[in-house]
Amino acid sequence: MSVTVDVAVVGAGPAGLAAAVAAAEAGARVAVVDAGNQPGGQFWRHAPETVRPEPDGHGHHGWSTYLDLRARFDAAQRAGRITYLPGLQVWMAEPGFTLHTTAAVAPAGAVPVAVTADRLVLCPGGYDRQLPVPGWDLPGVMAAGGIQAFIKANGALPGKRFIIAGTGPFLLPVAAGIAEAGGEVLAVLESSSPSAWLPHLRAASGVPGKALEGAEYAAVFARHRIPYRTRSIVTEVLGSGRAEGVRTARVDADGRARPGTGRVYADVDVVGFGWGFTPQLELPVSLGVDTRLDADGSLVGVVDERQQSSVPGVYLAGEVTGVGGAALAVLEGLAAGAAAARPDSGVPVKQPAAIVRHRRFAQAMHQAHPVPAAWQDWLTPDTTVCRCEEVTAGDITEAREELGARDVRSLKSFTRAGMGWCQGRVCGFAAACLGAGPGEAPDAGSLAASAKRPLAAPVGIGELAALD
């Protein structure tokens, strides 16, 4: 099956929904390819609409924005201006542009479609960045975003007693969601300190809605008596066969554990880690899009005022241009969709002031909640880094020191780190840091090598054989 349109949008989260609506309303024929079975992405993930036809938006921020975009999206779909292709992942994008798709892992059963378009808007989103600690490979350890997605999709909890740890504002809605769903949050451990925001108050004041969100979460924390420990980390997940507790410590500004500050939390069902997010760059990198390092050390795509990348006809929006939250993703999606629909309008474009403000806030957030410089000190030689291939921190250190493997691609060759099912999506950042050395951050070239994959998603050999 094949579809030919003016604009193809990849992803139906905040950025993708906004881009599709803007392009369709500007007169373009649009196709939207999304791995989910209904629009919303991870941020607006909700129970299947076949089960709950009219979700109430409980636990979601910006739900009114979603309802507005969704109504416009559905109207454009009924009018034939949007072709919606759910349950499909793009495993390869060819210049020109042709998107090759395959059925997503869940939901299964969608029929692969080849989408040909004059222009692309890539809104693939991101996923939780993870840092290994001893015991993080035990059952019961989850990404913080995975816990939130579980609650939103199922209306249930993956456990009863939780520890949430890492850095950044995202820890707050995760913990609040757990408490509101009936779980007990024993503690939220934030490696940074509120004082880190002091140099960034001007940027924070430009987006006052974020302060209101913070006040809402503070009220939930007070109501449910959730302890919020700053300058604190999990140094080890404890348990035999599954997570049963954690060992924690207070840390200095660089993340070094302070002697005598250790503490144990027992009787824990689930440990959730969140160290920010990593943009999904497989498709942009495969098309040759220019990239750069963002303030949080992530590799992100470079765009101009119209959200166009260095590759003519390829537009980027949302986390792929830098992690900045759903409100920014919607703004970028609207700009990218409108620009992709009318690429030759000739009208000078000035980046909307709201995008500029949100980008400044995002940069401030990354600087106030960095990955601790000394996080590698938390590891032991036998700490698993790549869970798929069971590669340890000692294996990677040996490859770096004895074999000169200091980038992701070399480490993959010598240790198999990143060769498993996730293809480095979970361990890639940590492996790149370990390859760079203690206290060092990976460079853009190393991270780009991690994102560059011939296949952006698992695909059956029969589908490969069926290509022309």
(Q) Applying side-chain hydrogen bond (donor to acceptor under 3.5 Å, both in side chains), can you list everything that pairs with Q280, at least two apart in sequence or on another chain? (A) none
(Q) Side chains of H46 and Q38: any donor to acceptor distance under 3.5 Å? (A) yes
Q | Passing option when Y265 is tested against V234, L186, V271, L238 for side chain to side chain contact (heavy atoms under 4.5 Å, CB included) | A | L186
Q: Please check if atom CD1 in I461 has more than 12 non-hydrogen atoms from other residues, nucleotides or ligands closer than 6.0 Å.
A: no
Q.
Can a donor-acceptor pair be found, under 3.5 Å and without considering hydrogens, that links the side chain of Q307 to the backbone of L316?
A. yes
Q.
Check whether R357 reaches the backbone of G206 with its side chain - one donor and one acceptor, N or O, closer than 3.5 Å.
A. yes
Q | D294 with R292: basic N within carboxylate O range, under 4.0 Å | A | yes
Q: Kindly compute the distance separating SG (C386) from CG (L411), expressed to the nearest 0.5 Å.
A: 11.0 Å
Q: State yes or no: are the ring centers of H61 and Y217 separated by less than 6.0 Å?
A: yes
Q: Answer yes or no: is there a side-chain heavy-atom contact under 4.5 Å between L120 and V10?
A: no
**Q.** Value rounded to 0.5 Å, distance of CZ in F429 from CG in L299
**A.** 11.0 Å
Q) Quick one: are E282 and R425 in side-chain contact, heavy atoms under 4.5 Å? A) yes
Q: Report yes if the side chains of R242 and L138 come closer than 4.5 Å at any heavy-atom pair, otherwise no.
A: no
Q | Minimum side-chain heavy-atom gap D34-L88 below 4.5 Å | A | no
Q.
Quick check against the 3.5 Å criterion: does D395 have a side-chain atom that pairs as donor or acceptor with the backbone of V391?
A. no
(Q) In the structure I gave you, are the side-chain heavy atoms of W275 and R129 within less than 4.5 Å of one another anywhere? (A) yes
Q) Going from NE2 on H60 to CG on L67, what distance comes out if it is rounded to the nearest 0.5 angstrom? A) 10.5 Å
Q. Got L281 and V320 here, is their nearest side-chain heavy-atom distance under 4.5 Å?
A. yes
Q) Centres of the Y66 and F43 rings: under 6.0 Å? A) no
(Q) Between E190 and T230, do the side chains contain a donor N or O and an acceptor N or O under 3.5 Å apart? (A) no
Q: Say whether S413 and S410, considering side chains only, have a donor N or O and an acceptor N or O under 3.5 Å apart.
A: no
(Q) With no hydrogens and no angle check, just 3.5 Å: does a side-chain donor-acceptor pair link S446 and R406? (A) no
Q | Side chain S232, main chain L189, donor-acceptor under 3.5 Å | A | no
Q: Would you give the length of the straight line joining atom CG of D254 to atom OG of S191, rounded to the nearest 0.5 angstrom?
A: 11.0 Å
Q: Give a yes/no verdict on a cation-pi contact between R387 and W136, requiring under 6.0 Å between NZ or CZ and the six-membered ring centre and an angle within 45° of the axis.
A: yes
Q.
Under a 3.5 Å threshold, yes or no: a donor from one side chain and an acceptor from the other, between R45 and Q42?
A. yes
Q: Could you grab the distance from atom OG1 of T380 to atom CD of E236, nearest 0.5 Å is fine?
A: 8.0 Å
Q) Below 4.0 angstrom, N of the basic side chain to O of the carboxylate: do D267 and R161 qualify? A) yes
Q) Using 4.0 Å as the upper bound for N to carboxylate O, is an ion pair formed by R409 and D407? A) no
Q. Strictly by modelled atom types, are H224 and E180 linked by a side-chain donor-acceptor pair under 3.5 Å?
A. yes
Q. At what distance, to the nearest 0.5 angstrom, does OG1 of T167 lie from CG of D296?
A. 11.0 Å
Q: Would you please say whether a donor-acceptor pair under 3.5 Å links the side chains of E332 and T321?
A: yes
Q | Donor-acceptor contact present, side-chain T397 to main-chain G394, <3.5 Å | A | no
(Q) Between T102 and Q89, do the side chains contain a donor N or O and an acceptor N or O under 3.5 Å apart? (A) no
Q) Got more than 12 heavy atoms from elsewhere within 6.0 Å of CD, E213? A) yes
Q. Is any side-chain heavy atom of F277 less than 4.5 Å from a side-chain heavy atom of Y127?
A. no
Q. Without hydrogens or angle criteria, can the side chains of W197 and H369 be said to hold a donor-acceptor pair below 3.5 Å?
A. yes
Q) Near E49 CD, under 6.0 Å, is it more than 12 heavy atoms from other residues, nucleotides or ligands? A) yes
Q) Checking S298 side chain against T278 main chain: does a donor-acceptor pair fall under 3.5 Å? A) no
Q. Within the side chain of T261, is there an N or O that forms a donor-acceptor pair under 3.5 Å with the backbone of R250?
A. yes
